[in-house]
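Step one of this worksheet: look at the structure below.
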Amino acid sequence: MSFNFDDQVQKLTEFLKTEAKTETVVGQSFQLGEFTCVPVIKFGMGLGYGGGEGKGDAQGKGAGEGTGGGAGGGVGVEPIGFLVTRGDQISFLPTRNAKGLSSVFEKLPDMLDKFMDKKTKDKAATTA
């Protein structure tokens with residue numbers, strides 16, 4: 001019986017491509033009062049495989065032919081937060097507390113808005 005690793009990995013990869021689409025990774029939206037919430041998850045996968053062959057009469061190894069092979073894979077899915085909308089406002093609520101540099105990036109849009117508002121007010125005050 002012949003087992004073609006390349007063919008099997010190709011089939012598995014195609015299956016995972018169809019399953020790991022936006023609708024699967026993001027999830028179904030739901031209403032919570034006046035808020036619309038969309039869960040967001042992180043999806044990752046890994047695959048590995050190998051095979052071998054043998055022939056002949058190696059000294060001390062016995063006679064005959066042999067084949068061998070193995071394969072393994074893993075898939076990980078982790079919830080990372082929710083996109084939340086209310087009217088024309090949208091925000092991201094993480095499932096974990098942000099620490100370090102990532103918390104700075106999360107606050108960056110608000111800081112830029114405040115900076116631009118202040119700059120606009122300062123410009124209006126100097127031209128008035």
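Because the structure is a prediction, the values reported are computed rather than measured. The figures that follow rest on heavy atoms only: side chains count, while hydrogens, waters and symmetry mates do not.
Among residues at least two apart or in separate chains, salt bridge (charged side-chain N to carboxylate O under 4.0 Å, His left out) pairs with a member in residues 74-84 are K42-E78, E78-R96.
Between F92 and L83 the shortest heavy-atom distance is CD1-CD2, 3.9 Å.
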Solution key, residues 30-38 side-chain donor-acceptor pairs under 3.5 Å, sequence neighbours excluded:
unit_1	atom_1	unit_2	atom_2	d
Q31	OE1	T36	OG1	2.6
Q31	NE2	F35	O	3.4
E34	OE2	R86	NE	2.3
E34	OE2	R86	NH2	2.7

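Taking the side chain to side chain contact (heavy atoms under 4.5 Å, CB included) definition, one finds that D7 meets it with N4, K11, sequence neighbours left out. By the salt bridge (Lys or Arg N to Asp or Glu O under 4.0 Å) test, K118 is found to be paired with D122, residues two or more places apart in sequence or in another chain being considered. For the salt bridge (Lys or Arg N to Asp or Glu O under 4.0 Å) test, no residue two or more places apart in sequence or in another chain qualifies with D117.
Side-chain atoms of T95 come within 3.5 Å of backbone atoms of P79 as a donor-acceptor pair (strictly under, hydrogens ignored).
Between atom CE of residue M116 and atom NZ of residue K123 there is a gap of 9.5 Å, rounded to the nearest 0.5 Å.
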